[in-house]
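Quick caveat, the model's predicted, so the values are computed rather than measured. All values below were derived from every heavy atom in this structure, side-chain atoms included, with hydrogens, water molecules and symmetry-related copies excluded.
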Amino acid sequence: MKVIEQPNSQNLHEAIFQKLRLLLVEGKIIPGSKLNERELAESLNVSRTPIREAIRRLAADGLVELIANRGAIAVQLSLEDVINTFNVIADLEGFSGELAANNISETTLSELEALQYEMMASYARRDLSTYYKLNLRIHHLINQAANNPVLAQLFSQVNARIEALRFRSNQDGVKWEKAVEEHQEMLDALKARDSGRMRKIMIQHVHNKRDVVVQLLKAEAEATTTAEAVK
């Protein structure tokens, strides 16, 4: 079947990039697996051109590795990489939260409240996919409210490495509930313009996610080892 690309090529390319990014974040493209351009083009009913461009952008964001003679591989971090990245993100989020508490406008606060309301509704429905998208928007908005472009760029680059793991950290019901409570605490701290409290909440929030992810990865590694031993 001949593929006919949509007239607005720029919108199409952006849509394909966002689609592939979501597949990686939600684990539908498994870490360590190859991104086959032909198969992806067929499944999304587009030519290989926007697929190729999306893969290049994903590689720049740290979600995909371009390996000689193997092609594009969904990034698979070691446990040490995961811990180190979460620790860096914790400090970045703590700093951005502190600055945001000092600089945030009433307009941005109102926007955050609206996003928080939508996110809570998604949580009530147990709609993890929508919840995570709103969650990500909240974190980025707080980061932008810090009014430090260098910090915002650095946060975006480092956070891309562990987006898929942050998504998975909410698949445990108890831990998900705790994360929701922490988001309300963030909003309360921002409203109070309490920069010290906001920094502490943000750092603890990321550390909690780190601990959940580390526990999850260790359990998976043990399960794999046990399965291989049984063979």
Side-chain angles (χ1 to χ4, degrees), residues 1-79 81-82 85-86 89 115 118-119 121-123 125-140 153 155-172 176 209 212-213 216-217 219-221 223-225 227-228 231:
M1 178 179 66
K2 183 178 180 180
V3 175
I4 300 176
E5 294 196 5
Q6 299 174 13
N8 194 330
S9 179
Q10 184 175 356
N11 287 348
L12 172 65
H13 285 217
E14 180 62 25
I16 296 302
F17 167 71
Q18 294 298 340
K19 177 64 176 177
L20 291 185
R21 185 184 181 91
L22 186 62
L23 291 174
L24 287 162
V25 169
E26 295 191 352
K28 292 173 183 175
I29 296 178
I30 301 171
S33 63
K34 182 176 180 180
L35 279 70
N36 186 295
E37 288 183 12
R38 179 182 58 78
E39 291 178 359
L40 288 170
E42 289 178 358
S43 67
L44 297 176
N45 195 30
V46 294
S47 74
R48 293 174 68 168
T49 301
I51 298 293
R52 195 173 296 120
E53 179 185 319
I55 288 174
R56 283 199 297 266
R57 290 178 62 185
L58 291 166
D61 283 353
L63 290 170
V64 166
E65 289 183 279
L66 300 178
I67 302 176
N69 302 320
R70 288 189 64 194
I73 308 297
V75 71
Q76 187 170 29
L77 301 176
S78 68
L79 184 60
D81 285 336
V82 169
T85 305
F86 267 103
I89 281 292
L115 288 171
E118 289 183 57
M119 192 176 74
S122 297
Y123 170 70
R125 297 192 306 268
R126 295 301 188 266
D127 180 356
L128 181 54
S129 181
T130 301
Y131 172 92
Y132 185 76
K133 292 173 188 175
L134 292 165
N135 181 291
L136 191 61
R137 285 174 61 188
I138 288 172
H139 279 272
H140 278 289
Q153 182 180 19
F155 167 77
S156 181
Q157 289 173 342
V158 179
N159 191 59
R161 291 167 53 87
I162 54 171
E163 271 194 56
L165 294 171
R166 293 186 76 150
F167 176 84
R168 292 183 66 193
S169 71
N170 289 325
Q171 291 176 346
D172 180 301
W176 191 4
K209 287 191 173 294
V212 172
V213 167
L216 177 65
L217 294 177
E220 289 179 349
T224 300
T225 301
E228 290 176 350
K231 291 180 180 179

Heavy-atom donor-acceptor pair, Ser156 side chain to Gln153 backbone, under 3.5 Å: no
Candidates Ile51, Leu24, Leu44 - the one meeting side-chain contact (heavy atoms from CB on, under 4.5 Å) with Lys19: Leu44
In terms of heavy-atom contacts, Ala160 and Arg21 come closest through CB-NH2, 4.2 Å
Evaluate Glu220 against Leu217 for side-chain contact (heavy atoms from CB on, under 4.5 Å), listing each step before the verdict. CA-CA 5 Å; Glu220 289 179 349; Leu217 294 177; 3.9 Å; yes
At their closest point, which heavy atom of Leu12 faces which heavy atom of Val46, and how far apart are they? CD1-CG1, 3.9 Å
When rounded to the nearest 0.5 angstrom, what distance separates CZ in Arg161 from CZ in Arg166? 14.0 Å
Value rounded to 0.5 Å, distance of NZ in Lys209 from CG in Leu216: 12.5 Å
If I take atom CD1 from residue Ile55 and atom CG from residue Leu35, how far apart are they, to the nearest 0.5 angstrom? 5.0 Å
Quick one: does Ser33's side chain have a donor or acceptor within less than 3.5 Å of a partner on Ile29's backbone? no
Quick check: are there more than 12 heavy atoms from other residues, nucleotides or ligands sitting under 6.0 Å from CZ of Arg137? no
Any idea which heavy atoms bring Pro50 and Ile16 closest together, and the distance? O-CG2, 4.0 Å
Tyr123 ring centre to Arg125 NZ or CZ under 6.0 Å, with the angle to the axis within 45°? no
When rounded to the nearest 0.5 angstrom, what distance separates CD in Glu26 from OH in Tyr132? 9.5 Å
When every non-hydrogen atom of Val25 is compared with those of Glu163, the smallest separation belongs to CG2-OE1, 3.6 Å
Backbone N/O of Asp127 and side chain of Thr130: donor-acceptor pair under 3.5 Å: no
About how many Å separate CZ of Arg70 and CD of Glu65, when rounded to the nearest 0.5 Å? 8.5 Å
Using a cut-off of 6.0 Å, state whether more than 12 heavy atoms not belonging to Leu79 lie near its atom CG. yes
When rounded to the nearest 0.5 angstrom, what is the spacing between CD in Glu53 and CD in Glu14? 9.0 Å
Of all the heavy-atom pairs spanning Ser122 and Leu134, show the shortest one and how long it is. OG-CD1, 3.6 Å
Would Gln18 and Leu22 count as a side-chain contact (heavy atoms from CB on, under 4.5 Å) here? Give the steps. CA-CA 6 Å; Gln18 294 298 340; Leu22 186 62; over 6 Å; no
Classify the ring geometry between Tyr131 and Trp176 as parallel (under 30°), tilted (30 to 60°) or perpendicular (over 60°). perpendicular
